[in-house]
Amino acid sequence: MYKKLQETYKKTQMHDYFPSYLLNNFMQFCLEQQHQNRKYLSPYKFANENKLPVKDSIKFFLFLANEEPILEIKYFFECSDITCGHRNFLSQDEIVELNGIDYSSIYCEECEKQYNYNDIKPFIKVYFEVILDENLNSDPNSTFDALEEMSSCVKVESPSFNSEKHNNAESTNEGDGNDGVQLQDLNNLNRTDNGEIISNQLQETLMAVYDFIKK
Ligand SMILES: [Zn+2]
C-alpha cells in the first residue's frame with residue numbers, strides 16, 4: 001500500500017500540495033483506524049491529527065480515490081425518520097440510474113420509508129473506505145516494521161505548510177469520525193488550483209447528480 005501511495009503521490013499533482021511525510025502519517029492513520037475497527041476514514045479526523053485545513057485533508061483523500069484507488073468512495077443518504085436514521089448506501093451505477101428517471105422513488109431499506117430521489121439529492125454524503133491489500137490486512141506487524149523503516153528516511157516537515165490557517169468552518173464535523181462529507185461540498189474540492197479534476201470517478205457521479213456541473 002505504501003508503494004501505491006508513493007506512486008500516486010509522484011504521478012499526480014499531490015506532490016505539489018502535500019509534503020511527503022503525510023504519506024507516512026496516512027499509513028499510520030489507516031492502521032490506527034483499523035485497530036479501532038473503524039471501517040471508514042474520516043478526512044475531518046485526519047485533518048485534526050495532522051493540523052491540516054479540512055478542505056486540504058479532503059483533497060488528500062480525493063487524490064487517493066482516483067485511478068488505482070487506495071480509497072473507495074461510498075455514497076449514502078440517511079433516513080430522515082428519527083427512529084430509523086439508517087444509512088442507505090448507493091452505488092455509483094444506482095445513482096446514475098436514479099438520475100436518468102424522472103420522479104424516481106427510493107425506499108429506506110430498513111423502515112421502507114419512501115423518498116423522492118430529487119429530495120434526497122442534496123443530502124447525499126460520502127464515506128471513504130480503504131481498499132485493503134494484503135499488506136495492511138494480514139500481518140500488521142510487518143506493516144509496522146515497514147513504517148519504522150521508512151519513517152527514518154522520509155521525514156521532511158514543512159513548517160510553512162503546518163502554519164497554514166485552519167479551516168474552522170467545518171469543525172463541528174470533527175467529532176467521532178462517523179460523519180460523512182456532503183457530496184455537494186466535494187464539487188469545489190475535486191479540482192486542483194489550475195482546475196484539473198482530482199478524482200475522475202467522483203466527477204462522473206457529481207456530473208450525474210448535479211446538472212449544473214460542467215466538465
Ligand atoms: Zn428508514
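Note that ligands are numbered from 1 as they come in the structure, with each ligand's atoms numbered from 1 the same way. Only a predicted model underlies this, so the values are computations on that prediction, with no experimental measurement involved. Both backbone and side-chain heavy atoms feed into the values below; hydrogens, waters and symmetry mates do not.
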Asn88/Tyr107 under side-chain hydrogen bond (donor to acceptor under 3.5 Å, both in side chains): CA gap, chis, key distance, verdict: CA-CA 9 Å; Asn88 291 279; Tyr107 297 87; over 6 Å; no
Cys108 SG and Cys79 SG subtending at the Zn ion (ligand 1) (10° steps):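 My answer is 110°, to the nearest 10°.
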Ring geometry between Tyr17 and Phe63 (parallel below 30°, tilted from 30 to 60°, perpendicular above 60°):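 Rings of Phe63 and Tyr17: tilted, as their planes differ by 30° to 60°.
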Whether His15 and Tyr9 hold their rings parallel, tilted or perpendicular, with breakpoints at 30° and 60°: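 Ring orientation, 0 to 90° scale: perpendicular.
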His86 N/O/S atom closer than 2.8 Å to the Zn ion (ligand 1):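 Here the distance criterion (N, O or S atom, under 2.8 Å) is not met by His86, so no.
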Opening angle between SG in Cys111 and SG in Cys84, taken at the Zn ion (ligand 1), to 10 degrees: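 Answer comes to 110°, rounded to 10°.
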Polar side chain donor-acceptor pair, Gln92 to Gln201, under 3.5 angstrom: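 On atom types as modelled, these side chains do not qualify, holding no pair under 3.5 Å.
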